[in-house]
A.B. asks: 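Starting off with a structure, shown below.
All values derive from a computational prediction rather than experimental measurement. Letters A, B, ... mirror the listed sequences (proteins, then strands); counts begin at 1.
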There are 2 protein chains.
Amino acid sequence: MARPREFDPEEAMDKAMTLFWDVGYEEASLSELLAAMEITKGSFYKAFQDKQSIYLASLDRYNDNVISGTVAYLSDAAQGTGRDRILGLFEKVAQAVKADGDRLGCFLCNALIDKAAEGGEAENKLQAMVHRLENAFFKALSDDRPRDDAGNRETARGVLSAYFGLRVLGRAGLSTQMAADCIRQVERLLER
Amino acid sequence: MARPREFDPEEAMDKAMTLFWDVGYEEASLSELLAAMEITKGSFYKAFQDKQSIYLASLDRYNDNVISGTVAYLSDAAQGTGRDRILGLFEKVAQAVKADGDRLGCFLCNALIDKAAEGGEAENKLQAMVHRLENAFFKALSDDRPRDDAGNRETARGVLSAYFGLRVLGRAGLSTQMAADCIRQVERLLER
DNA sequence: ACGATTAGGAACCGATCGGTACAAAACACA
DNA sequence: TGTGTTTTGTACCGATCGGTTCCTAATCGT
């Protein structure tokens with residue numbers, strides 16, 4: 001061993017992820033990245049390969065931390081019925097939109113729109129995350145109504161698109177009332 | 001008068017709009033813009049002020065052409081009931097996603113995610129477009145059920161978020177089946 | 001105490017960014 | 001056929017882009 005690094009790579013990655021999350025790939029310049037991560041170029045290129053690969057790593061990190069958390073919440077029976085959990089998630093999203101002045105939204109949703117993803121490795125990662133979310137909704141629905149696979153799959157997809165829709169509207173700065181209305185409509189999807 | 005211009009400003013604007021639509025503000029470099037518009041720098045800066053203002057003009061153009069078309073379709077009684085028109089719109093979106101290899105999606109939706117919009121004039125334009133869409137859904141619903149303003153407003157917002165959700169999933173490259181499932185869920189929102 | 005080894009930081013790289021200046025080219029009008 | 005006016009293309013601008021080089025600073029094992 002020799003000189004130890006002066007920064008926490010995990011922390012730095014988190015800062016990088018948040019910046020990509022906030023402004024997307026292109027808009028996050030290397031200098032902004034360095035400022036956010038509080039390291040200099042030397043350390044950056046030593047610890048991470050380049051901008052592209054730290055972006056991919058950020059996607060993985062989001063998958064491992066945020067998406068996994070959401071999936072866990074959706075399948076946590078302690079949170080109530082499947083319906084309760086799904087509505088709870090939407091409630092949390094609405095809260096986040098209301099509280100979060102910066103309107104981060106959902107990294108997955110943002111990255112899907114961000115053209116930087118297209119074609120390469122990123123696209124596969126994103127599609128995998130979309131499927132994880134869809135399946136999490138599906139399983140939550142199946143907990144309540146175990147025998148209706150076809151119906152639950154359909155509903156899961158409807159809920160998924162409502163989820164992304166709410167995220168988009170969040171970036172538009174939707175009102176509390178509008179968020180509440182959107183959630184009421186999700187409730188109707190869960191009815192029957 | 002003197003030397004006439006050799007390009008059609010309307011056509012050039014259309015090309016610019018399509019590029020912004022496709023890749024967003026930052027990712028559309030000036031040289032890509034010039035290539036797409038098939039003009040050179042001199043003409044560009046003479047005819048349009050700068051990159052920022054042609055972007056704003058692109059948003060206006062999208063509003064005037066595409067959004068207006070959508071709004072007109074949603075309020076065209078010749079297309080059937082309000083329900084028919086809304087489902088028809090979703091059907092068209094699904095078709096576009098299936099056909100369109102480039103997966104343009106919806107400029108409004110993309111721009112909402114694109115951080116370039118934030119804070120300035122663009123944000124107002126985007127919010128105005130969101131409201132136009134919401135109101136168009138609302139009116140279509142009101143044609144079928146004239147007395148339920150509160151319910152229609154709520155449903156309109158749910159449909160709006162489903163619309164954006166479908167657009168996001170479109171960028172993710174959703175399957176025909178998935179699009180069909182999403183639309184079936186919109187049908188359920190329109191029920192009752 | 002002393003190499004070996006690694007991190008940190010600054011100088012530097014060519015390329016490209018958005019934007020300007022200006023001269024040559026192409027028209028209208030006289 | 002000038003002459004004035006506008007468009008067009010090109011050369012150029014400083015700034016910044018992502019990335020590399022390389023020297024110095026710091027800490028290890030011995």
Side-chain angles (χ1 to χ4, degrees), chain A residues 1-59 61 111 114-122, chain B residues 1-59 61 111 114-122:
Chain A
M1 273 294 123
R3 175 175 179 177
R5 54 162 57 98
E6 299 173 359
F7 66 97
D8 178 356
E10 296 282 310
E11 258 180 51
M13 263 293 311
D14 253 338
K15 304 283 185 63
M17 181 187 75
T18 305
L19 184 63
F20 283 130
W21 185 347
D22 190 22
V23 305
Y25 181 78
E26 279 284 330
E27 204 124 359
S29 75
L30 194 53
S31 52
E32 284 177 306
L33 219 37
L34 298 178
M37 299 170 78
E38 294 175 293
I39 59 178
T40 52
K41 249 176 198 173
S43 312
F44 179 89
Y45 280 100
K46 194 139 299 185
F48 317 93
Q49 287 98 299
D50 53 14
K51 193 186 168 184
Q52 172 69 20
S53 41
I54 202 179
Y55 180 72
L56 294 175
S58 292
L59 291 180
R61 191 171 185 81
D114 195 349
K115 211 64 177 186
E118 201 156 31
E121 236 178 295
Chain B
M1 276 290 120
R3 178 175 178 176
R5 55 163 53 100
E6 298 173 358
F7 66 97
D8 178 353
E10 295 283 310
E11 258 181 51
M13 265 293 312
D14 253 340
K15 303 282 185 64
M17 179 187 75
T18 305
L19 185 62
F20 283 130
W21 186 346
D22 190 23
V23 304
Y25 181 78
E26 278 285 328
E27 203 124 1
S29 74
L30 195 55
S31 53
E32 284 176 307
L33 265 176
L34 298 178
M37 299 170 79
E38 295 175 293
I39 60 178
T40 52
K41 247 175 198 179
S43 311
F44 178 88
Y45 279 99
K46 192 133 297 185
F48 316 94
Q49 288 97 299
D50 54 13
K51 192 186 169 186
Q52 172 69 20
S53 42
I54 201 178
Y55 179 73
L56 293 175
S58 293
L59 291 181
R61 193 172 184 80
D114 195 348
K115 211 64 177 183
E118 202 155 29
E121 236 177 297

A.B. asks: Please confirm whether the backbone N or O of Met17(A) pairs with a side-chain atom of Asp14(A), one donor and one acceptor, at under 3.5 Å?
C.D. replies: no
A.B. asks: When the distance from CZ of Phe44(B) to P of dT8(D) is rounded to whole Å, what number comes out?
C.D. replies: 13 Å
A.B. asks: CG of Asp22(A) to NZ of Lys115(B): how many Å apart, nearest 0.5 Å?
C.D. replies: 4.0 Å
A.B. asks: Please list, in numerical order, the residues of residues 24-43 of chain A that have a heavy atom closer than 4.0 Å to any atom of DNA chain C.
C.D. replies: Thr40(A), Gly42(A), Ser43(A)
A.B. asks: Separation of Glu6(B) atom CD from dT6(D) atom C1', in whole Å?
C.D. replies: 11 Å
A.B. asks: If you round to the nearest 0.5 Å, how far is CD of Gln49(B) from CD1 of Ile54(B)?
C.D. replies: 9.5 Å
A.B. asks: Please determine whether side-chain contact (heavy atoms from CB on, under 4.5 Å) holds for the pair Phe48(B) and Leu33(B), giving the CA-CA distance in whole Å, both sets of side-chain angles, and the decisive distance to 0.1 Å.
C.D. replies: CA-CA 12 Å; Phe48(B) 316 94; Leu33(B) 265 176; over 6 Å; no
A.B. asks: dA7(C) base to Arg3(A) side chain: any donor-acceptor pair below 3.5 Å?
C.D. replies: yes
A.B. asks: Under 6.0 Å from the six-membered ring centre of Tyr25(B) and within 45° of its axis: does the NZ or CZ of Lys51(B) meet both?
C.D. replies: yes
A.B. asks: Test of understanding: with side chain to side chain donor-acceptor pair (under 3.5 Å), list the residues that count as partners of Thr40(A), not counting sequence neighbours.
C.D. replies: none
A.B. asks: Would you confirm whether Glu27(A), through its side chain, and Gly24(A), through its main-chain N or O, come within 3.5 Å as a donor-acceptor pair?
C.D. replies: no
A.B. asks: What is the distance, rounded to the nearest whole Å, between atom CZ of Phe20(A) and atom C1' of dG18(D)?
C.D. replies: 12 Å
A.B. asks: Roughly how far, to the nearest 0.5 Å, is the CZ atom of Arg61(A) from the CG atom of Leu56(A)?
C.D. replies: 14.5 Å
A.B. asks: If you take any heavy atom closer than 4.0 Å to DNA chain D, which residues from residues 45-59 of chain A end up in contact?
C.D. replies: Tyr45(A), Asp50(A), Lys51(A)
